[in-house]
2 protein chains.
Amino acid sequence: MTERTAGDPSGIDAPLADLRARIDAVDGELIELLQRRLALVSEVGEIKGRHGVPIYAPEREKAMIAAKRVMAQERGLSPDFIEDILRRCMREAYTHEKNMGFTRQAPDLGPVVVVGGRGRMGALFARMLTLSGYEVHVLEREDSPADAARMLAGAGLVVVSVPIKDTVRVVSELPTLPADALLVDLTSTKREVMAAMLAAHPGPVLGLHPMFGPDVDSLAKQVVAAVPGRDPEASRWLVEQIRLWGARVHEVSAEDHDAAMGLIQALRHFSTFAYGWHLSQEDHDLGELLTLSSPIYRLELVMVGRLFAQNPELYYDIITASPDALALIERYHGRYGEAIELLRQGDREGFVARFGQIGEWFGEHAGAFLAESRTLLAHADANR
Amino acid sequence: MTERTAGDPSGIDAPLADLRARIDAVDGELIELLQRRLALVSEVGEIKGRHGVPIYAPEREKAMIAAKRVMAQERGLSPDFIEDILRRCMREAYTHEKNMGFTRQAPDLGPVVVVGGRGRMGALFARMLTLSGYEVHVLEREDSPADAARMLAGAGLVVVSVPIKDTVRVVSELPTLPADALLVDLTSTKREVMAAMLAAHPGPVLGLHPMFGPDVDSLAKQVVAAVPGRDPEASRWLVEQIRLWGARVHEVSAEDHDAAMGLIQALRHFSTFAYGWHLSQEDHDLGELLTLSSPIYRLELVMVGRLFAQNPELYYDIITASPDALALIERYHGRYGEAIELLRQGDREGFVARFGQIGEWFGEHAGAFLAESRTLLAHADANR
């Protein structure tokens with residue numbers, strides 16, 4: 001029978017305290033078990049790293065997860081639950097850089113020169129290359145032409161990482177590089193920059209575009225677009241090196257890259273900018289909007305507001321980098337106006353029909369995206 | 001020394017196989033430990049449920065997490081890591097409905113009638129109320145007026161959950177309800193519906209707006225907006241009942257509600273519709289856009305495409321529910337056009353200045369949102 005006391009009329013304090021103590025004991029064991037798992041995975045990573053085997057092996061990962069799901073199911077635990085727990089364990093391992101792939105892919109390469117290596121993306125690449133065992137020098141605008149020439153004289157790899165609007169100029173002002181040096185850029189726009197690099201250097205050329213900000217915890221699962229310029233064989237080692245760091249490298253032509261980035265970046269960021277402007281002008285209390293927002297609606301606001309904690313000049317440059325972006329944005333504005341006409345006419349059927357057409361264009365992605373957003377929010381356990 | 005074989009020139013197969021076997025053993029123990037934890041938490045939930053104590057106690061949760069973070073830190077495990085693992089454990093507990101708060105808050109209430117209870121949101125409420133011990137009847141449009149009158153004659157709670165465009169009509173066509181019956185709606189728009197309910201029934205009236213779709217796994221951490229109509233004391237039990245189910249209930253006036261929903265819902269959904277239309281008309285291969293998208297860019301596309309897996313009529317009705325939505329949307333269109341002018345003029349300074357003003361309006365939320373999106377994506381471990 002439950003003991004009832006004056007301060008505990010329902011008599012639940014004692015049984016709850018007992019259960020909580022037992023849960024605390026379980027959590028202590030959990031911590032120990034997680035440490036053991038991390039240590040074992042760390043050993044795996046070290047062995048792989050020493051032998052130049054990539055740390056991140058998606059096929060093996062899938063198979064391991066599938067096996068553990070079966071194990072869980074057999075023992076009456078939700079397979080989704082164990083999968084989520086194991087994925088979090090794997091992520092913990094990834095974020096320890098010593099577990100990342102830093103085997104030097106090009107052991108005989110001359111020094112690396114990162115032009116603009118004090119900018120954040122340049123610094124990230126400089127650090128990753130250094131960790132991978134390369135000799136890395138950083139060239140900044142204040143360095144003298146004499147220093148620049150000296151640094152670049154024996155370079156094996158030259159990475160140009162300067163503001164978008166300066167890239168073509170900096171590339172064309174580079175001194176003569178060694179004939180077999182690999183010239184690479186990290187710019188968000190490619191057609192102009194590729195042309196400049198191919199004109200400035202007769203040797204191997206590769207365009208890269210890291211599709212992430214320099215503040216990522218790790219490169220695991222990030223994406224780098226790669227635009228072949230000249231002599232792709234000579235840049236294969238760098239692509240492998242980036243893959244070893246955990247990123248996915250996707251090859252694309254300069255034209256397709258710029259067209260895609262118009263949609264992925266320019267249109268998206270500009271629309272977010274305009275939306276943020278509109279919200280600020282409508283000036284409804286943001287705190288109240290958030291209080292009335294369930295997780296999905298909060299996420300919609302998060303995706304707008306997050307832009308404004310970032311560098312405006314970077315975004316202006318990204319939006320205006322491609323000459324086609326303005327036309328693309330104007331076409332959106334026009335179509336938005338056409339869509340408003342459906343509302344003005346009260347054309348419910350027209351709206352529904354168009355909605356269906358758009359759904360067909362998204363195809364199976366629409367349903368997959370809905371499920372994905374649901375999963376994402378379910379995992380957003382942080383208390384706010 | 002590592003044993004080298006013909007098929008394993010690096011000699012790593014055996015050490016790796018050994019480590020993997022040990023990891024498998026740890027995972028087996030992990031599964032068992034997680035089951036023990038779930039069972040203990042389940043017991044806590046049952047005790048609380050039996051005594052009408054809310055399952056979801058944010059303060060206690062925070063304190064528990066803080067204590068475990070310290071425990072982890074002391075033992076050399078990342079506090080963030082253990083927090084994430086524990087939050088996933090807690091979420092697993094929430095999704096088991098038997099652990100949710102289903103104590104009946106209003107034991108003497110007459111039967112509940114859910115009008116439109118076969119629609120998905122109506123069905124969700126019907127199910128939750130049934131699980132909470134109420135006698136629930138469902139009234140659908142095919143039921144005869146005689147059946148409707150009979151069902152509603154002794155009702156303690158009447159929940160109207162019909163399509164937005166039918167709500168005012170259905171409310172005004174209700175037969176006379178018992179004087180003390182509580183009349184409630186679940187509609188996305190409030191001013192008109194509140195007026196209709198207050199006119200149709202002289203007794204207690206409460207407007208609710210669940211800010212989530214009917215397909216949620218659980219109500220934990222979801223939001224319900226509550227608009228007081230008449231006699232708030234008489235509806236307090238229902239607000240407590242919804243809180244017991246795990247949702248956050250936020251009270252707001254009908255005017256503020258509709259203004260907020262114009263921004264949170266109508267503007268947002270319509271803009272997403274227009275954006276989806278634009279993407280489909282530009283017709284760049286979506287698969288390639290996704291391949292070139294790192295997690296944050298993928299999320300941007302997910303937030304657009306997910307709309308089109310849903311019901312177009314529901315969204316048309318949400319967008320057009322409030323008479324002010326069209327004007328709000330047209331103002332956005334106008335401001336978008338003004339923003340384009342900055343690009344046409346190449347007005348970098350103007351863009352940067354405006355960006356800063358918007359950032360000031362978002363205030364500290366901007367930085368918090370940036371961090372939040374980063375955390376969210378870091379947790380998005382699902383392999384794609």
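Order of the sequence lines fixes the chain letters, A, B, ..., with proteins taken first and strands second; residue numbering starts at 1 for each chain.
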Exercise for the section: Show your working on side chain to side chain contact (heavy atoms under 4.5 Å, CB included) between B/R36 and A/E29 and close with a plain yes or no. Expected result: CA-CA 11 Å; B/R36 275 167 55 198; A/E29 289 184 58; 2.9 Å; yes
Decide yes or no for [X] and [Y]: does some side-chain heavy atom of the first lie under 4.5 Å from some side-chain heavy atom of the second?
| X | Y | answer |
| --- | --- | --- |
| B/L30 | A/M71 | no |
| B/I340 | A/F270 | yes |
| A/Q281 | B/Y332 | no |
| A/D317 | B/R348 | yes |
| A/L307 | B/L370 | no |
| B/S280 | A/Q357 | no |
| A/R374 | B/V216 | no |
| B/C89 | A/F81 | yes |

Exercise for the section: Give the intermediate values and the outcome of ring-ring contact (aromatic ring centres under 6.0 Å, His included) for residues A/F351 and B/Y315. Expected result: CA-CA 10 Å; A/F351 178 94; B/Y315 280 96; 8.6 Å; no
Practice task
Assess whether side chain to side chain contact (heavy atoms under 4.5 Å, CB included) is satisfied between A/I264 and B/E288, documenting all intermediate values.
Solution key: CA-CA 11 Å; A/I264 293 170; B/E288 185 170 71; over 6 Å; no
Practice task
Using a strict 4.0 Å threshold on nitrogen-to-oxygen distance, state whether B/E372 and A/R306 make a salt bridge.
Solution key: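 Here B/E372 does not pair with A/R306 in a salt bridge, since their nearest N and O are not under 4.0 Å apart.
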Problem - Carboxylate-amine/guanidinium contact B/R335 A/E282, below 4.0 Å - result: yes
Problem - Heavy-atom contact with chain A under 4.5 Å, split by part of B/L299 - result: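 Both the backbone and the side chain of B/L299 come within 4.5 Å of chain A.
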Practice task
Examine whether an atom of B/I82 lies under 4.5 Å from a heavy atom of chain A, and if so say whether it belongs to the side chain, the backbone or both; otherwise answer neither.
Solution key: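 Looking at B/I82, just its side chain touches chain A.
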Practice task
Please step through side chain to side chain contact (heavy atoms under 4.5 Å, CB included) for the pair A/L376 and B/V302, ending with a clear verdict.
Solution key: CA-CA 11 Å; A/L376 196 73; B/V302 163; over 6 Å; no
Handout entry: Heavy-atom pair of closest approach, residues B/L326 and A/R344
Key =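 Residues B/L326 and A/R344, closest heavy atoms: CD2-CG, 4.0 Å.
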Practice task
Go through the structure and list residues passing salt bridge (Lys or Arg N to Asp or Glu O under 4.0 Å) with B/R60, not counting sequence neighbours.
Solution key: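 Applying salt bridge (Lys or Arg N to Asp or Glu O under 4.0 Å) to B/R60 gives none.
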Heavy-atom distances under 4.5 Å only: say whether [X] touches chain B with side chain, backbone, both or neither.
| X | answer |
| --- | --- |
| A/H365 | side chain |
| A/Q310 | both |
| A/D285 | neither |
| A/L267 | both |
| A/I65 | neither |
| A/E330 | both |
| A/Q35 | both |
| A/V352 | both |
| A/L33 | both |
| A/T291 | both |

Handout entry: Spacing of CG belonging to A/L292 relative to CZ belonging to B/R248, to within rounding of 0.5 Å
Key =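 Spacing of CG (A/L292) from CZ (B/R248) equals 8.0 Å.
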Practice task
Please determine which of B/W277, B/Y275, B/F308 meets the ring-ring contact (aromatic ring centres under 6.0 Å, His included) test together with A/F362.
Solution key: B/F308
Problem - Worked check of ring-ring contact (aromatic ring centres under 6.0 Å, His included) between A/F355 and B/Y316 - result: CA-CA 10 Å; A/F355 196 103; B/Y316 182 83; over 10 Å; no
Problem - Selection from B/A247, B/A67, B/S293 maximising heavy-atom pairs under 4.5 Å formed with chain A - result: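 Most pairs with chain A among the choices: B/S293.
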Exercise for the section: Please assess B/Y297 against A/V223 for the test side chain to side chain contact (heavy atoms under 4.5 Å, CB included), listing each intermediate value before the final yes or no. Expected result: CA-CA 10 Å; B/Y297 286 110; A/V223 174; over 6 Å; no
